[in-house]
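The block underneath contains the structure these notes are about, expressed in structure tokens.
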Amino acid sequence: MIKTVKDVDLKGKRIIMRVDFNVPMKDGVVQDDTRIMAALPTIKYILEQEPRSLVLMSHLGDPKKDVKKAQEKAEKAGKTWTDADTQKFIDGKNRMKPVVDYFASKLGKKVVFLSDSLGQKQAIDSLPNGAVAMLENVRFHKEETSKDDSEREAMAKELASYGDIFVNDAFGTAHRDQASTATIAKFMKTQPVGGFLMEKEVKYIEPMVKNPPKPQVAIIGGAKVSSKIAVLESLLKNASALIIGGGMAYTFLKAQGHSVGKSLVEDDFIDTAKKLLADAKAKDVKIVLPVDHVAATEFSPDAKPVAVDSIDIPADLMAMDVGPKTVEEYKKVLSTAKSIVWNGPVGVFEFDAFAKGTQEVAQLVAEATGRGAMTVVGGGDSVAAVNKFNLADKMSHVSTGGGASLEFLEGKTLPGIAILATK
């Protein structure tokens with residue numbers, strides 16, 4: 001386990017803290033405050049310890065990439081993109097000021113907004129005792145994400161000068177070696193510690209990879225095998241069963257010789273799927289693939305659902321969800337699980353007509369939690385699913401980091417966690 005803010009003396013110290021306030025924005029308005037609310041317990045605890053100051057830093061989108069996408073979209077629609085459009089877009093999507101105002105209202109305390117993330121040493125040293133400040137989006141500086149060590153280190157060194165203790169509570173960026181997430185640790189006089197959110201993520205996800213309560217069942221869904229193969233291989237070490245759903249399931253079914261109609265298939269990964277099936281058999285790990293489907297003639301929210309009471313899918317149909325027989329198979333496998341890790345939906349849950357399978361999975365995982373199983377939901381889409389079905393509070397842990405939780409489950413060392421002091 002990692003050391004946290006509770007393991008160090010914060011009184012009178014300048015705290016520099018990385019949070020993940022990368023929240024969805026529309027016209028300068030916060031659309032979802034989940035990440036802001038998740039950081040509040042650590043922030044409030046730090047303030048209770050009477051620090052000299054608390055300076056927060058985060059990214060908010062990626063200005064350069066976000067503008068490029070918006071510009072391409074506008075030009076595709078036949079609109080002329082101007083410098084004024086760029087400014088308006090950045091102000092509404094990438095500037096930290098609206099987030100700071102929203103955060104201050106939730107904290108119930110004034111938060112000083114610093115209009116840049118660099119060149120702020122004097123402003124920070126001038127803050128009144130116990131003040132909270134937030135830097136502008138760190139990604140306005142290319143050094144934050146630079147692959148050039150010397151560039152990244154120059155920015156990290158300045159950020160480190162803003163505090164005596166570095167606290168990392170941004171699990172969502174823990175898989176990135178960036179100036180404000182990991183490189184900063186090189187320039188701190190004391191070893192960094194984690195916040196409560198980081199502690200919780202490590203507490204629940206690490207055992208799923210290293211030593212889970214057994215039997216362990218992994219539910220891995222989503223569109224593509226290519227993005228999940230490393231997770232599947234990692235989980236084969238401990239799982240008694242792997243439930244493979246979503247679009248990726250049809251690559252596996254095709255690898256077994258089944259007809260999959262117009263369903264999503266990665267032909268380049270057929271051999272990879274065959275190898276994983278063989279490895280699972282050798283390790284005596286049960287692989288659960290769909291045995292019936294809910295299909296459609298087109299990928300559309302208005303498509304009419306067609307029940308396919310067979311493992312094989314007709315040539316004119318594409319699978320959009322799993323059928324009732326498949327859900328029964330899931331029930332059998334999950335009924336004895338002592339730990340469950342779920343990453344990725346088993347159908348196109350965004351379309352209500354094809355959400356039933358994923359909703360049933362969410363319900364089964366919630367019931368397992370109620371029986372005492374340790375359940376971890378990781379990955380953006382599966383988190384969106386449990387939120388859609390109002391079951392997030394029925395899971396042991398719902399991760400705040402999509403890419404980070406995925407890499408953690410792959411067994412990778414995450415730079416933002418590797419820098420933290422351990423107990």
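All values reported here derive from a predicted model rather than from experimental measurement.
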I'd like to know whether Asp101 forms a salt bridge (Lys or Arg N to Asp or Glu O under 4.0 Å) with Lys97, so could you lay out the CA-CA distance, the side-chain angles of the two residues, the decisive distance to 0.1 Å, and finally the verdict. CA-CA 6 Å; Asp101 292 341; Lys97 180 70 168 66; 2.9 Å; yes
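- Side-chain contact annotation: Asp83 with Thr86, donor-acceptor N/O pair under 3.5 Å absent.
- No side-chain donor-acceptor contact under 3.5 Å links Thr4 to the backbone of Gly195.
- Ion pairing between Asp321 and Lys356 fails under the 4.0 Å rule for side-chain N and carboxylate O.
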Step by step, work out the side chain to side chain donor-acceptor pair (under 3.5 Å) result for Thr181 and Thr173. CA-CA 7 Å; Thr181 62; Thr173 57; 5.4 Å; no
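- Between Leu114 and Ile124, some side-chain heavy-atom pair lies under the 4.5 Å cut-off.
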Might you work through the side-chain contact (heavy atoms from CB on, under 4.5 Å) test for Phe140 and Ile90, ending with a clear yes or no? CA-CA 10 Å; Phe140 276 118; Ile90 284 174; 3.6 Å; yes
Could you walk me through whether Asn211 and Glu206 satisfy the side-chain contact (heavy atoms from CB on, under 4.5 Å) test, starting with their C-alpha distance in whole Å, then the side-chain angles of each, then the deciding distance to 0.1 Å, before giving a yes or no? CA-CA 8 Å; Asn211 187 27; Glu206 193 171 61; over 6 Å; no
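- A donor-acceptor pair under 3.5 Å is absent between the side-chain atoms of Lys109 and the main chain of Ala104, judged by distance alone.
- Partners of Asp148 according to the side-chain contact (heavy atoms from CB on, under 4.5 Å) rule, which considers only residues two or more places apart in sequence or in another chain, are Ser146, Ser150, Glu151.
- Scored by the side-chain contact (heavy atoms from CB on, under 4.5 Å) test, Lys106 finds Asp33, Met37, Leu40, Tyr102 as partners (sequence neighbours excluded).
- Residues satisfying the side-chain contact (heavy atoms from CB on, under 4.5 Å) criterion with Lys68, sequence neighbours excluded, are Glu72.
- For Lys200, the NZ atom counts as densely surrounded, since its 6.0 Å shell holds more than 12 non-hydrogen atoms of other residues, nucleotides or ligands.
- One N or O on the side chain of Ser240 and one on the backbone of Gln216 form a donor-acceptor pair closer than 3.5 Å.
- For the residue pair Thr183 / Gln178, no side-chain donor-acceptor distance below 3.5 Å is found, with atom types taken as modelled.
- One finds no salt bridge joining Lys325 and Glu328 here, because no Lys/Arg side-chain nitrogen approaches an Asp/Glu carboxylate oxygen to under 4.0 Å.
- Using a 4.5 Å cut-off on side-chain heavy atoms (C-beta onward), Tyr330 and Glu360 make no contact.
- Contact detail for Leu264 and Tyr250: the closest heavy-atom pair is O-CB, 3.4 Å.
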In residues 21-30, what donor-acceptor pairs under 3.5 Å come from side-chain atoms, sequence neighbours left out?
| from | atom 1 | to | atom 2 | distance (Å) |
| --- | --- | --- | --- | --- |
| Asn22 | OD1 | Gly61 | N | 2.7 |
| Asn22 | ND2 | His59 | NE2 | 3.2 |

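- Residues in residues 404-415 take part in these side-chain hydrogen bond (donor to acceptor under 3.5 Å, both in side chains) pairs, two or more places apart or across chains: Glu410-Lys412.
- Counting all heavy atoms, side chain and backbone alike, Ile2 lies closest to Gly194 at CD1-CA, 4.0 Å.
- Ring planes of Phe171 and Phe408: tilted class, angle from 30 to 60°.
- Contact detail for Val333 and Ala241: the closest heavy-atom pair is CG1-CB, 3.5 Å.
- Between Glu144 and Arg152, no side-chain nitrogen of the basic residue sits less than 4.0 Å from a carboxylate oxygen of the acidic one, so the salt-bridge criterion is not met.
- The closest donor-acceptor contact from the side chain of Thr358 to the backbone of Gly347 lies under 3.5 Å.
- No side-chain donor from either of Ser396 and Thr369 sits under 3.5 Å from a side-chain acceptor of the other.
- For the pair Val19 and Met134, the minimum side-chain heavy-atom distance is below 4.5 Å.
- Here the options are Val285, Val225, Ile229, the test is side-chain contact (heavy atoms from CB on, under 4.5 Å), and the partner is Leu276; only Ile229 passes.
- Salt bridge annotation for Lys121-Glu158: absent, with no cationic side-chain nitrogen under 4.0 angstrom from a carboxylate oxygen.
- With a 4.5 Å cut-off on side-chain heavy atoms, Leu235 and Leu242 count as touching.
- Each salt bridge (Lys or Arg N to Asp or Glu O under 4.0 Å) pair with one or both residues in residues 47-66, not counting sequence neighbours, appears once here: Lys11-Glu50.
- Judged purely by atom type and a 3.5 angstrom limit, Ser339 uses its side chain to pair as donor or acceptor with the backbone of Pro213.
- Taking the six-membered ring where the residue is Trp, the centroids of Phe349 and Phe354 are separated by 6.0 Å or more.
- Within the 3.5 Å criterion, the main-chain N or O of Arg35 finds no donor-acceptor partner in the side chain of Thr400.
- In this structure, the ring of Phe166 has its center no less than 6.0 angstrom from the ring center of Phe187.
- Counting only heavy atoms from C-beta outward, the side chains of Ile165 and Asp9 never approach each other to under 4.5 Å.
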Could you walk me through whether Asp169 and Thr42 pass the side chain to side chain donor-acceptor pair (under 3.5 Å) check? CA-CA 8 Å; Asp169 208 23; Thr42 305; 2.9 Å; yes
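- Atom NZ of Lys388 has more than 12 neighbouring heavy atoms from other residues, nucleotides or ligands inside a 6.0 Å radius.
- To the nearest 0.5 Å, atoms CG (Asn168) and CZ (Arg18) are separated by 7.5 Å.
- Under the 3.5 Å distance criterion, the side-chain polar atoms of Asp381 are left unmatched by any main-chain donor or acceptor of Pro345.
- Counted within 6.0 Å of CD on Gln122, heavy atoms from surrounding residues, nucleotides or ligands total 12 or fewer; the atom is thus considered open.
- A 4.5 Å side-chain heavy-atom check between Glu367 and Arg371 finds at least one atom pair inside the cut-off.
- Looking at every heavy atom in both residues, Leu236 comes nearest to Lys283 through O-CD, 3.8 Å.
- Between the side chains of Glu266 and Ser226, at least one donor-acceptor pair of N or O atoms lies under 3.5 Å.
- Among all heavy-atom pairs drawn from Val111 and Val100, the shortest one is CG1-CG1, 3.7 Å.
- Asp85 and Lys88 are not joined by a salt bridge, as no carboxylate oxygen comes within less than 4.0 angstrom of a charged side-chain nitrogen.
- The neighbour count for Lys262 NZ, taken as heavy atoms of other residues, nucleotides or ligands under 6.0 Å away, is above 12.
- Asn137 contributes a side-chain N or O that, together with a main-chain N or O of Leu60, makes up a donor-acceptor pair within less than 3.5 Å.
- Between the side chains of Asp292 and Thr326, at least one donor-acceptor pair of N or O atoms lies under 3.5 Å.
- Once rounded to the nearest 0.5 Å, the distance linking CD1 of Ile287 with CD1 of Ile243 reads 10.5 Å.
- A distance of 6.5 Å separates OG in Ser180 from CG in Leu159, rounded to the nearest 0.5 Å.
- Side-chain atoms of Asp7 never come within 3.5 Å of backbone atoms of Lys3 as a donor-acceptor pair (strictly under, hydrogens ignored).
- Without hydrogens or angle criteria, Tyr162 side chain to Gln120 main chain gives a donor-acceptor distance under 3.5 Å.
- Residues Val217 and Val288 form no side-chain contact, since every pair of their non-hydrogen atoms from C-beta on lies 4.5 Å or further apart.
- Side-chain contact between Met57 and Met17 is absent, with no heavy atoms from C-beta onward closer than 4.5 Å.
- Residues Gln363 and Gln359 bring no donor and acceptor atom of their side chains to less than 3.5 Å of each other.
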